[in-house]
A.B. asks: 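Let me give you the structure first, and then I'll get to my questions.
Each residue takes its place number in the sequence, starting with 1. Atoms considered below: every heavy atom in the structure, side chains included; atoms not considered: hydrogens, waters and symmetry mates.
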Amino acid sequence: MNAAFTSGKELQKMDPVFGQLSFNDHEQIVFCNDKDTGLKAIIGIHNSVMGPALGGTRMYNYANEWEALNDVLRLSRGMTYKAAITGLNIGGGKAVIIGDAKTQKTPELMRKFGEFVHSLSGRYITAEDVGMETADMDTVRDVTPYVTGISESRGGSGNPSPVTAYGVYLGMKAAAKQQFGSDILSGKKVLVQGIGHVGETLVDYLTKEGAIVTIADINEEKLYEVGSKYGATIFTGDDLYSADVDIYAPCAMGATINDATVHKIKAKVIAGAANNQLANENIHGAILQERGILYAPDFLINAGGIINVYAELAHYDKAEIMRKTENIYNTTLEIFAFAIANGITTHHAALTIAQNRIDQRKIENSKK
């Protein structure tokens, strides 16, 4: 039987992992494969200076392995800065499982994934993300202690989504205060793109405050269910990015602010739960700034979830979870002030402050 192999020189030209733009100095990438369960997963550990890498597991039907690799690299990097800017003593990591969560996820697959997590001896601690439920984390917990977000009945902090939504809501209020002079959202037109666990809870907060909410999602059944439940308007136009709204809240997949959309956006504030909203942090962040659109850095305002699951490691209670999450409001305002004072984008400001904390810890660690 003949098999075709890529030569070393050809691989070197490809730079399949280290040469990826999103690689960004990751410490470790682990490819996990199990024929019996059909598991194909990638674990990315970006940085462990602040502590073991913590980040959720996302199960998604990626178009190909390169798309999955790029996603885990971008997400794990975001977790590093999310933890640092929130003041948590953990590093950044993430995992992706390639497959359809509705049809391919089984207890056996989740247990096998848990075994791979366990093999890293605590360098990576997993949690819930897109395509995952608290029950899945309980299954992983059967084979490894290196998992957070397990059910409260098993001593965990439960589903982190409501806390994530609360943090996004507070970050949005801070952005409104900066941009409109008041953090009152009553009467403000808000477009929420993506109404999963986090998006729906955000819609709840917004409608209770009196915001005029429009929702968009690829899942029509869910769209009409949420629209009816909260009295939200369902977006029916051709291009949601050019919708006449005050605030755009991306709460689905990342990179929705890209070359094709960044000049269309009419909203004056962007504040949502999605990770990696800027397809290109430098280019698209600068364009938003030039257009007078205030961007609330995603890894800052969506940090409620990691605050919630970190409680299981740091052993603090619900009251402390909410206190730390409420501080997102003040931190967001501080980031805006730092950006203005230094003439940089809000995203760059948030990255700078997070990186400064990591660099300081690296110096402290070297002295031990």
A.B. asks: Is it true that a side-chain atom of H118 and a backbone atom of G114 form a donor plus acceptor pair closer than 3.5 Å?
C.D. replies: no

A.B. asks: What pair of heavy atoms forms the shortest contact from L202 to C251, and how long is it?
C.D. replies: CD2-SG, 3.8 Å

A.B. asks: Can you tell me if E67 has over 12 outside heavy atoms packed within less than 6.0 Å of its CD?
C.D. replies: yes

A.B. asks: Quick one: CE on M132 to CG on N159, what's the gap to the nearest 0.5 Å?
C.D. replies: 13.5 Å

A.B. asks: Using only heavy-atom distances, determine whether the side chains of T139 and D136 contain a donor-acceptor pair under 3.5 Å.
C.D. replies: no

A.B. asks: Taking all non-hydrogen atoms of both residues into account, name the closest pair between G196 and D217 and its distance.
C.D. replies: N-OD2, 4.4 Å

A.B. asks: Could you measure the distance from the NZ atom of K82 to the CE atom of M79? Nearest 0.5 Å is fine.
C.D. replies: 4.5 Å

A.B. asks: With a cut-off of 6.0 Å (strictly less than), are more than 12 heavy atoms of other residues, nucleotides or ligands near CD1 of I234?
C.D. replies: yes

A.B. asks: Scan side-chain atoms only and decide if D25 and H46 contain a donor-acceptor pair under the 3.5 Å cut-off.
C.D. replies: no

A.B. asks: Check whether any side-chain heavy atom of L73 lies under 4.5 Å from a side-chain heavy atom of I29, and answer yes or no.
C.D. replies: yes

A.B. asks: Should the ring pair H347 and F299 be called parallel, tilted or perpendicular, given that the plane angle runs from 0 to 90° and is split at 30 and 60?
C.D. replies: perpendicular

A.B. asks: Under 4.5 Å between side-chain heavy atoms, hopping through other hydrophobics if needed: is there a path connecting L223 to I212?
C.D. replies: no

A.B. asks: If we ignore hydrogens and angles and just use 3.5 Å, is the side chain of S242 paired with the main-chain N or O of D239 as donor and acceptor?
C.D. replies: yes

A.B. asks: Do you reckon L351 sits in the same ILVMFWY cluster as F338, going by side-chain contacts under 4.5 Å, direct or chained?
C.D. replies: yes

A.B. asks: I'd like to know if D129 pairs up with R58 as an ion pair, taking the criterion as any Lys NZ or Arg NE/NH1/NH2 lying under 4.0 Å from an Asp or Glu carboxylate oxygen.
C.D. replies: yes

A.B. asks: Donor-acceptor pair, E312 side chain versus S157 backbone, under 3.5 Å?
C.D. replies: yes

A.B. asks: Identify whether L88 and I45 are in the same connected component of the hydrophobic contact network (ILVMFWY, side-chain heavy atoms under 4.5 Å).
C.D. replies: yes

A.B. asks: Quick one: list whatever passes salt bridge (charged side-chain N to carboxylate O under 4.0 Å, His left out) with E128, sequence neighbours left out.
C.D. replies: none

A.B. asks: Can R361 and N89 be counted as having a side-chain donor-acceptor contact under 3.5 angstrom?
C.D. replies: yes

A.B. asks: Below 4.0 angstrom, N of the basic side chain to O of the carboxylate: do R77 and E281 qualify?
C.D. replies: yes

A.B. asks: How far apart are the closest heavy atoms of Y124 and G55, and which atoms are they?
C.D. replies: OH-O, 2.6 Å

A.B. asks: Using side chain to side chain contact (heavy atoms under 4.5 Å, CB included), reason through V147 and V117 one step at a time and then give a plain yes or no.
C.D. replies: CA-CA 9 Å; V147 54; V117 170; over 6 Å; no

A.B. asks: Roughly how far apart are F113 CZ and I43 CD1, rounded to 0.5 Å?
C.D. replies: 4.5 Å

A.B. asks: Output, in order, the C-alpha distance, side-chain angles, deciding distance and verdict of side chain to side chain contact (heavy atoms under 4.5 Å, CB included) for T332 and L300.
C.D. replies: CA-CA 7 Å; T332 304; L300 166 61; 3.6 Å; yes

A.B. asks: Does any N or O in the side chain of T37 come within less than 3.5 Å of the main-chain N or O of E108, such that one atom is a donor and the other an acceptor?
C.D. replies: no

A.B. asks: Hey, is NZ on K318 packed in by over 12 heavy atoms from elsewhere, all under 6.0 Å?
C.D. replies: yes

A.B. asks: Say you draw a straight line from CG of L54 to OG1 of T148; how long is it, rounded to the nearest 0.5 Å?
C.D. replies: 4.5 Å

A.B. asks: Transitive ILVMFWY cluster of L240 at side-chain heavy atoms under 4.5 Å: who else is in it?
C.D. replies: L191, F235, Y241, V245, Y248, I257, V262, I265, I270, L278, I283, I287, L288, I293, Y295

A.B. asks: Under the side chain to side chain contact (heavy atoms under 4.5 Å, CB included) criterion, do V203 and L206 qualify, and how do the steps go?
C.D. replies: CA-CA 5 Å; V203 169; L206 292 171; 5.5 Å; no

A.B. asks: Between Y205 and Y166, does a ring-ring contact (aromatic ring centres under 6.0 Å, His included) hold up when you go through it step by step?
C.D. replies: CA-CA 8 Å; Y205 280 117; Y166 184 52; 5.5 Å; yes

A.B. asks: Take atom CD in E221; do more than 12 heavy atoms of anything else shown fall under 6.0 Å from it?
C.D. replies: no

A.B. asks: Under 3.5 Å, is there a donor-acceptor pair between the side chain of D246 and the main chain of K189?
C.D. replies: yes

A.B. asks: Checking Y60 against D100 for the side chain to side chain contact (heavy atoms under 4.5 Å, CB included) test, could you report, in this order, the C-alpha distance in whole Å, the side-chain angles of both residues, the deciding distance, and whether it holds?
C.D. replies: CA-CA 6 Å; Y60 187 74; D100 188 331; over 6 Å; no

A.B. asks: Could you grab the distance from atom CD of Q104 to atom CG of L39, nearest 0.5 Å is fine?
C.D. replies: 11.0 Å

A.B. asks: Do V143 and Y146 land in one hydrophobic cluster if side-chain heavy atoms of ILVMFWY residues count as linked below 4.5 Å?
C.D. replies: no

A.B. asks: Taking atom types as modelled, is there a side-chain donor on Y329 or D183 under 3.5 Å from an acceptor on the other?
C.D. replies: yes

A.B. asks: What's the verdict on salt bridge (charged side-chain N to carboxylate O under 4.0 Å, His left out) for K324 and E320, showing C-alpha distance, side-chain angles and the deciding distance?
C.D. replies: CA-CA 6 Å; K324 287 181 180 293; E320 183 64 7; 3.7 Å; yes

A.B. asks: Would you check if there is a donor-acceptor pair between the side chains of E209 and Y169 at a distance under 3.5 Å?
C.D. replies: yes

A.B. asks: Just by distance, do the side chain of T331 and the backbone of N327 share a donor-acceptor pair under 3.5 Å?
C.D. replies: yes

A.B. asks: Could you tell me whether the side chains of Y230 and D204 share a donor-acceptor contact shorter than 3.5 Å?
C.D. replies: no

A.B. asks: Can E115 and R111 be counted as an ion pair, charged N to O under 4.0 angstrom?
C.D. replies: no

A.B. asks: Quick check against the 3.5 Å criterion: does N342 have a side-chain atom that pairs as donor or acceptor with the backbone of A339?
C.D. replies: no

A.B. asks: I'd like to know if the side chain of T214 and the backbone of A232 have a donor-acceptor N/O pair within less than 3.5 Å.
C.D. replies: no

A.B. asks: Can you find a side-chain donor-acceptor pair between D359 and Q355 that sits under 3.5 Å?
C.D. replies: yes

A.B. asks: What about V140 and I42, same hydrophobic cluster or not, with Ile/Leu/Val/Met/Phe/Trp/Tyr joined at side-chain heavy-atom distances under 4.5 Å?
C.D. replies: no

A.B. asks: Going by atom types alone, do N275 and N302 pair a side-chain donor with an acceptor below 3.5 Å?
C.D. replies: yes

A.B. asks: Is the Lys NZ or Arg CZ of K268 less than 6.0 Å from the centre of F180's six-membered ring, within 45° of the axis?
C.D. replies: no

A.B. asks: Restricting to non-hydrogen atoms, name the atom on H197 and the atom on T201 that form the minimum distance, rounded to 0.1 Å.
C.D. replies: O-OG1, 2.9 Å

A.B. asks: If I take atom NZ from residue K229 and atom OG1 from residue T207, how far apart are they, to the nearest 0.5 angstrom?
C.D. replies: 10.0 Å

A.B. asks: Does a side chain donor of either S48 or E27 reach within less than 3.5 Å of an acceptor in the other side chain?
C.D. replies: yes

A.B. asks: Between M59 and G99, what is the shortest heavy-atom contact and its length?
C.D. replies: CG-O, 3.6 Å

A.B. asks: Donor-acceptor check, side chain of D138 to backbone of S151, threshold 3.5 angstrom: yes or no?
C.D. replies: yes

A.B. asks: So, does N47 use its side chain to make a donor-acceptor pair with the main chain of V49 at under 3.5 Å?
C.D. replies: yes

A.B. asks: Please step through side-chain hydrogen bond (donor to acceptor under 3.5 Å, both in side chains) for the pair Q289 and T345, ending with a clear verdict.
C.D. replies: CA-CA 6 Å; Q289 186 180 44; T345 67; 5.7 Å; no

A.B. asks: Please determine whether the number of non-hydrogen atoms from other residues, nucleotides or ligands lying under 6.0 Å from atom OH of Y224 exceeds 12.
C.D. replies: no

A.B. asks: Just wondering, more than 12 heavy atoms not from K40 lying within 6.0 Å of its NZ?
C.D. replies: no

A.B. asks: Quick one: closest heavy-atom pair of P297 and I335, and the distance?
C.D. replies: CG-CG2, 4.3 Å

